Enquirer: 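There's a structure below that I have some questions on.
Hydrogens, waters and symmetry mates are skipped; everything else that's a heavy atom, side chains included, is used. What you see is a predicted model; the values in this text were computed from it and never measured.
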Amino acid sequence: MGKVSYMKLKGSQNLRIRLLLATLSSKSIIIEDIRADATWPGLRPHEVSFLRLLEKVCDDCVVEINETGTKLKYKPGIIMGGRHLVHDCGVSRSISYFLEPLIVLGLFGKKPLTIRLKGITNDSKDPSIDTFRSTTLPILKQFGVPAEGLELKIESRGVAPKGGGEVVLSVPMVPNSLKAVKWVDEGLVKRIRGVSFSTRVSVQFENTMIHAARGILNPLLSDVHIFTDHKAGAQAGMSPGYGISLVAETTSGCVISVDTAVSYSRGEDDADLEDDRKDLIPAEEVGEQIASALLGEIKQGGVVDSTHQGLLFLLCALCPKDVSEVRVGKLSPYGIEALRHIRDFLGVKFVMKPDASTGTVNLMCLGSGFQNLSRKVS
């Protein structure tokens, strides 16, 4: 065995995309100074949980963490996929934190992936599972991912602080590689769809949110439908909460989404904020805020909303050695970091052309030629 050479990185930021790209590119990494000067130094529970998840879906990956959690050594293995996997995501971040990297890994596994994830399904920090189902999965189809076998089932909902939600994710393998895209026309909004949910509170919260959101959206567009998903009993998780997810569908097949959830804070996770158990934001305010946020995302332009920029760039970089061109609104901080890490791990650089008249940015890249080499050849 030859000596393993490690790429050296510092800090806790963007740990998830670093680990994902290290796994895809088969590059071993060492990350030092992980919150070394913080009051609570080292890796957070959700970051350790993500590492455990990588161990479940990959074979032969090696994870070494020092005693203080401030240094991580990661040697990637082979992406296996597999059926009937189960992972408890904990309650320090929502299930969606784990879903985005998981679907990308699943596409390039040896076998199709089916995994049950437990934890928080809706919170205000990460995109909700409703957004994931209505927006993230359709983005994959643009790159030639087969629709058959690509699914997210919501079995129960769970909000902070105690969670209790469960979803089942199924991801097919890509036959060989993704498909390069030219995706620059976002079209015009033709309809708005949405889902409101409530757990362990009155269904009236949902009706109030919907009424408030429609009050802003209906004067602009008549085709607005927001469905209710009131959960009770075992399907309602272990904490009270409510929220709403909205999706604008356009004439060119783009889906622009926003969402939010309201629940009590996670306690120890927010201890430094001295967050007392204060009253929750009124449902009417939630509906108005989310409708305004959707209009803001539409106004920005681009074929995806700001939370999906990082995933869009990554999929472009994983395409065959062909040119992909996409258009987004103002680059988000996560989108910018994703571009930097894609350059460092995959060697793919994007050419950016800002359009001053629309405030959007056109990005072009030559794909890395990434192929699913681990799949079983029949």
Side-chain angles (χ1 to χ4, degrees), residues 96 100 122 124-143 181-197 209-227 243-262 281 283-313 315-316 324-336 338-339 352-363:
S96 290
E100 186 181 301
N122 301 77
S124 56
K125 197 182 282 186
D126 298 295
S128 72
I129 48 169
D130 303 287
T131 294
F132 195 87
R133 195 160 63 168
S134 65
T135 307
T136 313
L137 296 184
I139 288 172
L140 294 181
K141 293 170 189 172
Q142 293 278 347
F143 290 84
V181 297
K182 179 170 184 180
W183 195 18
V184 293
D185 176 23
E186 70 264 42
L188 299 171
V189 176
K190 62 179 179 179
R191 61 173 170 252
I192 291 172
R193 295 291 179 264
V195 178
S196 68
F197 80 91
M209 283 188 295
I210 292 171
H211 186 263
R214 289 183 70 110
I216 289 174
L217 299 172
N218 273 128
L220 306 171
L221 192 72
S222 59
D223 192 355
V224 178
H225 288 286
I226 305 170
F227 303 93
I244 187 167
S245 164
L246 296 178
V247 182
E249 300 176 21
T250 76
T251 50
S252 63
C254 298
V255 276
I256 308 295
S257 63
V258 292
D259 62 65
T260 191
V262 178
I281 302 168
E284 184 177 7
E285 215 173 292
V286 173
E288 289 170 353
Q289 283 176 2
I290 205 69
S292 300
L294 181 64
L295 296 178
E297 285 286 355
I298 294 167
K299 186 182 176 185
Q300 271 200 174
V303 295
V304 298
D305 52 69
S306 51
T307 57
H308 284 92
Q309 287 181 11
L311 176 65
L312 179 69
F313 301 152
L315 292 170
C316 289
S324 284
E325 183 180 358
V326 293
R327 190 157 73 93
V328 298
K330 183 184 174 186
L331 285 170
S332 66
Y334 178 63
I336 293 166
L339 289 170
M352 287 181 260
K353 291 182 181 171
D355 183 341
S357 62
T358 60
T360 58
V361 184
N362 261 48
L363 295 99

Enquirer: What is the minimum heavy-atom distance between Leu217 and Ala291, and which atoms define it?
Expert: CG-CB, 4.0 Å
Enquirer: Working to the nearest 0.5 angstrom, can you tell me the gap between Arg327 CZ and Asp355 CG?
Expert: 7.0 Å
Enquirer: Do the non-hydrogen side-chain atoms of Ile192 and Val247 ever get within less than 4.5 Å of each other?
Expert: no
Enquirer: Please assess Phe143 against Leu312 for the test side-chain contact (heavy atoms from CB on, under 4.5 Å), listing each intermediate value before the final yes or no.
Expert: CA-CA 10 Å; Phe143 290 84; Leu312 179 69; 3.9 Å; yes
Enquirer: Answer yes or no: does atom NZ of Lys190 have more than 12 heavy-atom neighbours from other residues, nucleotides or ligands under 6.0 Å?
Expert: yes
Enquirer: Quick one, Gln142 and Leu140 - any side-chain contact, counting heavy atoms below 4.5 Å?
Expert: no
Enquirer: Quick check for you: to the nearest 0.5 Å, what is the distance between Met209 atom CE and Thr260 atom OG1?
Expert: 9.5 Å
Enquirer: Of all heavy-atom pairs between Val361 and Gly329, which one has the smallest distance, and what is that distance?
Expert: CG2-O, 4.1 Å
Enquirer: Please check if the number of heavy atoms outside Lys353 that lie under 6.0 Å from its NZ is greater than 12.
Expert: no
Enquirer: Shortest non-hydrogen contact from Pro138 to Ser134?
Expert: CG-O, 3.2 Å
Enquirer: Would you indicate whether Glu325, at its atom CD, is surrounded by more than 12 heavy atoms from other residues, nucleotides or ligands within a distance under 6.0 Å?
Expert: yes
Enquirer: Can you tell me how far CG of Leu331 sits from CD of Gln300, rounded to the nearest 0.5 angstrom?
Expert: 9.5 Å
Enquirer: Determine whether a donor-acceptor pair (N or O, by modelled atom type, separation under 3.5 Å) exists between the side chain of Thr250 and the backbone of Val189.
Expert: no
Enquirer: Do Leu246 and Ile244 pass the side-chain contact (heavy atoms from CB on, under 4.5 Å) test, and can you show the C-alpha distance, the side-chain angles, and the key distance before you say yes or no?
Expert: CA-CA 7 Å; Leu246 296 178; Ile244 187 167; 4.2 Å; yes
Enquirer: To the nearest 0.5 Å, what is the distance between CG on Asp305 and OG on Ser257?
Expert: 4.0 Å
Enquirer: State, yes or no, whether a side-chain contact exists between Ile298 and Leu294 at a heavy-atom distance under 4.5 Å.
Expert: yes
Enquirer: Hey, is Arg193 close enough to Glu249 for a salt bridge, meaning N to O under 4.0 Å?
Expert: no
Enquirer: Go through the side-chain N and O atoms of Glu297 and Ser306 and say whether any donor and acceptor fall under 3.5 Å apart.
Expert: yes
Enquirer: Tell me whether Arg214 contacts the main-chain N or O of Val224 through its side chain, where contact means a donor paired with an acceptor under 3.5 Å.
Expert: yes
Enquirer: Could you tell me if the side chain of Trp183 sits less than 4.5 Å from the side chain of Cys254, heavy atoms only?
Expert: yes
Enquirer: Which distance, rounded to the nearest 0.5 Å, do you find between the CD of Glu285 and the CD1 of Ile290?
Expert: 12.5 Å
Enquirer: Does the side chain of Val304 reach to within under 4.5 Å of the side chain of Phe313, using non-hydrogen atoms?
Expert: no
Enquirer: Give the intermediate values and the outcome of side-chain contact (heavy atoms from CB on, under 4.5 Å) for residues Ile256 and Val303.
Expert: CA-CA 8 Å; Ile256 308 295; Val303 295; over 6 Å; no
Enquirer: Can you confirm whether the side chains of Thr136 and His308 place a donor and an acceptor under 3.5 Å from each other?
Expert: yes
Enquirer: For residues Asp130 and Asn122, is any side-chain donor paired with an opposing acceptor at under 3.5 Å?
Expert: yes
Enquirer: Are side-chain heavy atoms of Leu363 and Val328 found at a separation under 4.5 Å?
Expert: yes
Enquirer: So, does Thr251 use its side chain to make a donor-acceptor pair with the main chain of Leu188 at under 3.5 Å?
Expert: yes
Enquirer: Where do Phe197 and Ala261 come nearest, in terms of heavy atoms and distance?
Expert: CZ-CB, 4.1 Å
Enquirer: So, does Ser292 use its side chain to make a donor-acceptor pair with the main chain of Glu288 at under 3.5 Å?
Expert: yes
Enquirer: Can you find a heavy atom in the side chain of Ser96 that is under 4.5 Å from one in the side chain of Ile129?
Expert: yes
Enquirer: Nearest 0.5 Å, what's the OG1-CZ distance between Thr131 and Arg133?
Expert: 11.0 Å
Enquirer: Will you find, in the side chains of Ser252 and Asp185, an N or O donor that is under 3.5 Å from an N or O acceptor?
Expert: no
Enquirer: Say whether, by atom type as modelled, one donor and one acceptor occur between the side chain of Gln309 and the main chain of Ser332 under 3.5 angstrom.
Expert: yes
Enquirer: Does Asp259 use its side chain to pair, donor to acceptor, with the backbone of Ser128 at less than 3.5 Å?
Expert: yes
